Amino acid sequence: MLRTLLRRRKKALAAEDVTVTDPPKVRRAVTAAALGNMMEWFDFGVYAYLAGTLGKVFFPSSSPGTQVVSTFATFAAAFLVRPLGGLVFGPLGDRVGRQKVLAVTMIMMAASTFAVGFLPTYATIGFAAPLLLLVCRLVQGFSTGGEYAGATTYIAEYAPDKRRGFLGSWLDFGTFVGYSLGSGLVTVLTATLGTDGLTDWGWRIPFFVAGPLGLIGLYMRLKLEETPAFQREEEAQAEALAEGDPVEEARQSGKGRLKEIFTGHWEAVLICMGLVLLYNVTNYMVTSYLPTYMSETLGEPETRSQLLILGTMLLVVLTITAVGRSSDRWGRRPVFMAGSVALIVLAIPAFLLIRQGGILMPAVGCAILGLLLVCFAGTSASTLPALFPTRIRYGALSIAFNISVSLFGGTTPLVASALVETTGNDMVPAYYLMVAGAIGLVATFFLHETAGKPLKGSGPMVENQEQARTLVARSRTRAGRQARDVWIRLRHPGGGGRPKG
């Protein structure tokens, strides 16, 4: 009994166990991580809005419907290599550090996106043109395999526990700002150059913009320091290795880390995949497929479709940090659960409104989908890293995230367009979203609440010294009470605990 009581007793926190964050460093970390995500999604916005144009440039011999499917197939191909990027960059980030890997992924993303602007067309070199486009997309996909997981890990490990939701939401704020910038640029080019000018040469301009954006992002990331959580974990590992710990030596290998992820944390991996599926199916349905759906399937004017989705993205941008802040107050589970249920209930009404034509009804339908999307976008960056301990966080999150995105998220435009083309039923995208909502609801049911709590494998993170002193004092008080309870139970083993009176 004594052994059991002592095992359950928690040790009081010491001052050195609590990390006080440095606000300027936190701001730099959030800004640099968000800028990389903005770069990634600038490319996605451009590619989604140029899907019809790129189909004409690189697949001119096909029918319009086949051109769209071919373009989205090239888009989806990049997602097939994302798990490979996750397998490489994730474990590498756990070994050599988050900052170094994030700098490498920034270089690869910017260079491959910039290179698309220089590609010759099908009319110039024939079948080699779409192959070169595919190569650029594969490089983008490989580098992106280490980007989002690394950026979420970096912000989560720098953020104070009570503000992780708010600060993490800025990462996806960068996502939708990047998408809005990319899609907005294409919309302006479409309106000013017309379809012919865009097809002839204007499609190259957005990809050229990626070069300067990438250089800015790289400069900021090279100025970053490692996260406090990684530095502590690195010190603990070095100490264990110096003492010749065989368990730590086995863990340091790539195989050891992968084995630990899939044997010791398989439940967290499955939960992560379910939440990522929910977020990314909704995300890619709205951002990558919906503009083409409205213009190609429903026959709406291309500029109007683009403006509707651009307005939806601005709605997401305006509300996303409020959702992140709400998750700090109310918890991650309630936000995910409410969003999942709402997606199941509102997907069909939203698409029925979008099918009405005109401006008002489709705008309302798009706004519904945007508000559903923001429930997941504003919460994911703080929820997913908290599923895994520090030593394997980057690797486990990279693998789980990218497998789910590759199988379900990035393929959403391709699957949706192919199903609509095959069945002739333009409500298929709504049914697809309902299935994603049901899967997300199941994953949320098994999710443990992490709002306001330290990350696994890390000590508490606070904003100032006063909060640190308060936390240590409360911990000592709780530890003292537990010690008193142990003593009382030893003195009165049959008394059921604390004596009355």
Side-chain angles (χ1 to χ4, degrees), residues 30-31 33-51 148 165-192 205-206 209-210 213 279-295 298 300-327 335 339 342-343 346-347 350-351 353-354 356 358-381 412-413 429 433:
V30 172
T31 302
L35 190 60
N37 235 35
M38 187 184 79
M39 170 73 219
E40 175 188 348
W41 278 88
F42 176 86
D43 166 60
F44 285 146
V46 167
Y47 201 89
Y49 271 50
L50 285 176
Y148 186 82
F166 173 68
L167 293 173
S169 66
W170 285 96
L171 179 66
D172 288 277
F173 175 89
T175 291
F176 294 103
V177 167
Y179 183 92
S180 300
L181 289 174
S183 56
L185 178 56
V186 174
T187 301
V188 171
L189 290 173
T190 302
T192 55
I205 295 175
V209 174
L213 283 178
Y279 173 23
N280 282 274
V281 167
T282 310
N283 191 9
Y284 289 109
M285 185 69 76
V286 175
T287 58
S288 297
Y289 178 64
L290 208 52
T292 304
Y293 172 80
M294 287 192 288
S295 59
L298 302 182
E300 297 294 328
E302 191 170 1
T303 303
R304 181 191 298 173
S305 303
Q306 292 174 346
L307 287 173
L308 283 172
I309 301 303
L310 182 57
T312 304
M313 292 302 99
L314 292 177
L315 176 64
V316 172
V317 167
L318 291 173
T319 55
I320 190 168
T321 56
V323 173
R325 192 188 298 272
S326 298
S327 77
V335 177
L343 186 62
L346 296 177
F351 271 86
L353 289 169
I354 291 171
Q356 295 302 308
I359 293 290
L360 181 58
M361 292 297 103
V364 174
C366 289
I368 291 172
L369 293 178
L371 292 174
L372 293 172
L373 172 59
V374 81
C375 291
F376 318 131
T379 319
S380 289
T412 294
L433 286 177

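Owing to the predicted nature of the structure, the values given are computational and were not obtained by experimental measurement. Note that these values count all heavy atoms, side chains included, but never hydrogens, waters or copies made by symmetry.
- Considering every non-hydrogen atom in both Asp172 and Ala381, the closest pair reads OD2-CB, 3.8 Å.
- A donor-acceptor contact closer than 3.5 angstrom is absent between the side chains of Asn280 and Tyr148.
- From Leu167, atom CG reaches atom CZ of Arg325 across 9.0 Å, with rounding to the nearest 0.5 Å.
- Although no hydrogens or angles enter the test, the distance criterion places a donor-acceptor pair under 3.5 Å between the side chain of Ser327 and the main chain of Gly324.
- Between Val323 and the options Val335, Val316, Leu371, a side-chain contact (heavy atoms from CB on, under 4.5 Å) holds for only Val335.
- Results of the side-chain contact (heavy atoms from CB on, under 4.5 Å) test with Phe42 over Asn37, Thr175, Val209 single out Val209 as the only residue that passes.
- Between Leu369 and Thr282 the shortest side-chain heavy-atom distance does not fall below 4.5 Å.
- Two residues are said to be in side-chain contact when any heavy atoms from C-beta on lie closer than 4.5 Å; Met294 and Ile309 meet this criterion.
- We find the OG-CG distance between Ser305 and Leu298 to be 8.0 Å, quoted to the nearest 0.5 Å.
- Ser169 and Gly378 get closest at one heavy-atom pair: CB-O, 3.7 Å.
- The shortest side-chain heavy-atom distance between Cys366 and Leu290 falls under the 4.5 Å cut-off.
- The shortest non-hydrogen separation linking Val186 to Val46 is CG2-CA, 4.1 Å.
- Annotation: the span from Ile354 atom CD1 to Glu300 atom CD amounts to 10.5 Å, rounded to 0.5 Å.
- Closest approach of Leu310 to Ser180, counting heavy atoms only: CD1-O, 3.5 Å.
- In terms of heavy-atom proximity, Val317 sits nearest to Ile320 at O-CG2, 3.6 Å.
- Here the CG atom belonging to Leu433 is positioned 11.0 Å from the CG atom belonging to Leu346, to the nearest 0.5 angstrom.
- The closest side-chain heavy-atom distance from Thr312 to Leu373 is not below 4.5 Å.
- Annotation: the span from Leu181 atom CG to Phe176 atom CZ amounts to 13.5 Å, rounded to 0.5 Å.
- Taking CG of Leu372 as the reference point, atom CE of Met285 lies at 12.5 Å (rounded to 0.5 Å).
- Nearest heavy atom pair, residue Met39 against residue Ala210, reads CE-CB, 3.3 Å.
- Side-chain contact between Phe351 and Ile368 is absent, with no heavy-atom pair separated by less than 4.5 Å.
- The aromatic rings of Tyr289 and Tyr293 sit tilted relative to each other, their planes meeting at an angle between 30° and 60°.
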